[in-house]
2 protein chains.
Amino acid sequence: MSPRDVTPRAPLYARIEQRLRDAIAEGRYGVGALLPTEAELCATLKVSRHTVREALRRLVEAGLVERRQGAGSIVIAREPPRGEVFGIPSIDGLMRYGDDTRLLINHRGMAPLGREEAALAQGEVGEMWLSVQGLRIGQDGRPLATTDILIHPRFAAIGPDLPERGAIHHAIERRFGVEVAEVVQEISAGPLPAAAADALRRKRRATGMLLMRRHVLTDGQTLLVSRNWHPAEGFTYAMRLRRQEG
Amino acid sequence: MSPRDVTPRAPLYARIEQRLRDAIAEGRYGVGALLPTEAELCATLKVSRHTVREALRRLVEAGLVERRQGAGSIVIAREPPRGEVFGIPSIDGLMRYGDDTRLLINHRGMAPLGREEAALAQGEVGEMWLSVQGLRIGQDGRPLATTDILIHPRFAAIGPDLPERGAIHHAIERRFGVEVAEVVQEISAGPLPAAAADALRRKRRATGMLLMRRHVLTDGQTLLVSRNWHPAEGFTYAMRLRRQEG
DNA sequence: ACGGGCGAGTTGTCCGGACAAAAGCGGCGC
DNA sequence: GCGCCGCTTTTGTCCGGACAACTCGCCCGT
């Protein structure tokens, strides 16, 4: 048995798929052009329709071709779509805290949205939202950030069960069977508000960074808005985004 | 023709797929369990093997089942994997500038990496990298940010052709046929360095925000590192991440 | 000139068959 | 007890056929 026999032979449909991929890549069938029909491929290549169809199905799966009953197989891309999306594995990557920090809540209750808050939350001025205020504490008891969260009234029942560890939005997703579709995040820097400076044991008007985050549901509605003040000194907000498959 | 006839009947394979999906979701076949064999399904459902195979192929495609020749079809997930990845449509979303800003380069040339730069770039101290310094200018001529870029020596030939508009990493990708796989971004706040404060027409030690970004290639190598100082006043770094399909 | 209907061509669904390749299981030997 | 071998079972590849559903172009009627 010669070394040549060790190499497993690719299935016929895979070889036909590759031939068609090459033909498309070389521009023999440009974008918008029709590939040969199934019948033509069967006749030309001397294979069954079943085999041709499997090859074509894979081209569809790869995003190179679109097939329409009665019309034929049309080339829609010269190359497999390459991902341009860069992403993070989960929202938790935005949150800045591992499971070793705790949220100390010092106030929770329904409160009317002010003008600024209504704009942030995309709610109505005066509308009653669940307002939660607290301090994020590290493992050593050191305060890391102040936090100020507004939760949509639809999910206000979560109030008594807010998690000390882990993300509030996850708890809401689980409890109410909803799903965050989008997160809008804004980062700015400026002097710490007086209350935040005190809570974080920093001088009044020391520089801080404000992380504002709005979680949006699939239907476009705001789930919650959070504002977190961090002391700027020694704080770096890091993020790692990876290219996603196309 | 009654209204009932208007509803197109789902193909047989789709109905079988759905039955199997329901059975998996209800826990009738738990994760790790074997589904009935093709032969069993054909006999039970009184359909051809072709139809059963198509239904099973779709379960594989959906990520619920794995099939192994000789062994059978094993359930690997109870529910279709739900995306946890949140992403941005492209890196351009990180860059802060539309096409209406320009990069005014005031220095470019090979320079050795210092200690701090070597750490940022994940290169060697003393290694010669292409160093580019400049000012990001708005449409009205107002300075928006200072920028300081280190480009890997492998791509130093881009030096004379750095784009005034648009992203440098795109120009490098195109010219050298490489691909950014990952971006690491770090945001911090602190007093503007003297040179940056002057260039941005701000008081010395005014608060600024530093955006550091490292672009990593598919092989893990650094393409470039950029550091941009923005005045903190009036500057908000915003980002919108959307949940990606699973 | 425009719209509708019809026919030819093309893909989609579904049937049946055959052989190959891989995995699993049981029995036997060391 | 472990490993090897042979047989059975299960999925993978590929063939062929038939009918349904859809698309597109052409022709005819208004």
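Proteins get letters first, then strands, A, B, ... in listed order; numbering begins at 1 in each. Here the structure is a predicted model, which means the values were calculated and not measured.
- In this structure, B:His230 and B:Phe235 have parallel ring planes: the angle between them is below the 30° cut-off, well short of the 60° mark.
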Distances under 3.5 Å between protein N/O atoms and the N/O atoms of nucleotides 16-18 of chain C, please, pair by pair.
residue	atom	partner	partner atom	Å
C:dA18	N6	B:Arg49	NH1	3.2

* side-chain contact (heavy atoms from CB on, under 4.5 Å) between B:Leu150 and B:Leu120: does it pass, once the steps are laid out? -> CA-CA 10 Å; B:Leu150 297 168; B:Leu120 282 181; 6.0 Å; no

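- The distance from atom CD of B:Glu38 to atom P of C:dA22 is 16 Å, rounded to the nearest whole Å.
- Not a single donor-acceptor pair under 3.5 Å links the side chain of A:Glu179 to the backbone N or O of A:Thr218.
- Between D:dT13, C:dC14, C:dT11, one nucleotide has an atom nearer to the side chain of B:Leu12 than all others, and that is C:dC14.
- Spacing between atom CD1 of A:Ile74 and atom P of C:dT10 amounts to 15 Å, rounded to whole angstrom units.
- Close to D:dG12, at under 4.0 Å from its OP1 or OP2, lies a side-chain N or O of B:Arg67.
- Position along DNA chain D of the nearest nucleotide to A:Val52 versus B:Leu35 favours B:Leu35 as the more 5'-ward residue.
- Atom-to-atom, CZ of A:Arg58 to P of D:dG12 comes out at 11 Å; the value is rounded to the nearest Å.
- Here the P atom of nucleotide D:dC14 and the NZ atom of A:Lys46 are 17 Å apart, to the nearest Å.
- Remark: B:Tyr13 is in phosphate contact with C:dT13, judged by side-chain N or O atoms under 4.0 Å from OP1 or OP2.
- In this structure, CZ of A:Arg53 is placed 12 Å from P of C:dC14, rounded to the nearest angstrom.
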* Start with the C-alpha gap between B:Leu241 and A:Leu241, add the side-chain angles, then the distance that decides, and say whether side-chain contact (heavy atoms from CB on, under 4.5 Å) holds. => CA-CA 11 Å; B:Leu241 295 121; A:Leu241 295 121; 4.3 Å; yes

* Asked: So B:Leu56 and B:Leu35, side-chain contact (heavy atoms from CB on, under 4.5 Å) or not? Walk me through it.
  -> CA-CA 10 Å; B:Leu56 290 168; B:Leu35 288 181; 3.9 Å; yes

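- Straight-line distance from the CZ atom of A:Arg57 to the P atom of C:dT13: 12 Å, rounded to whole Å.
- No salt bridge links B:Arg53 with A:Glu54; every basic N to acidic carboxylate O contact stays at or beyond 4.0 Å.
- Annotation: B:Arg175, atom CZ; neighbour count of heavy atoms from other residues, nucleotides and ligands within 6.0 Å is above 12.
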* **Reading 5' to 3' through nucleotides 21-27 of chain D, protein heavy-atom contacts under 4.0 Å coded B for base, S for sugar-phosphate only, - for none** => BBB----

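- Residue B:Thr51 has a polar side-chain atom (N or O) positioned under 4.0 Å from OP1 or OP2 of C:dC15.
- Here A:Ser73 reaches the OP1 or OP2 of C:dT11: one of its side-chain N or O atoms lies under 4.0 Å away.
- B:Leu56 has its CG atom 14 Å from the P atom of D:dT13, to the nearest Å.
- A:Thr222 and A:Arg214 share a side-chain donor-acceptor pair at under 3.5 Å.
- A:Arg136 pairs in a side-chain contact (heavy atoms from CB on, under 4.5 Å) with only one of the listed residues (A:Thr101, A:Leu104, A:Asn228), which is A:Thr101.
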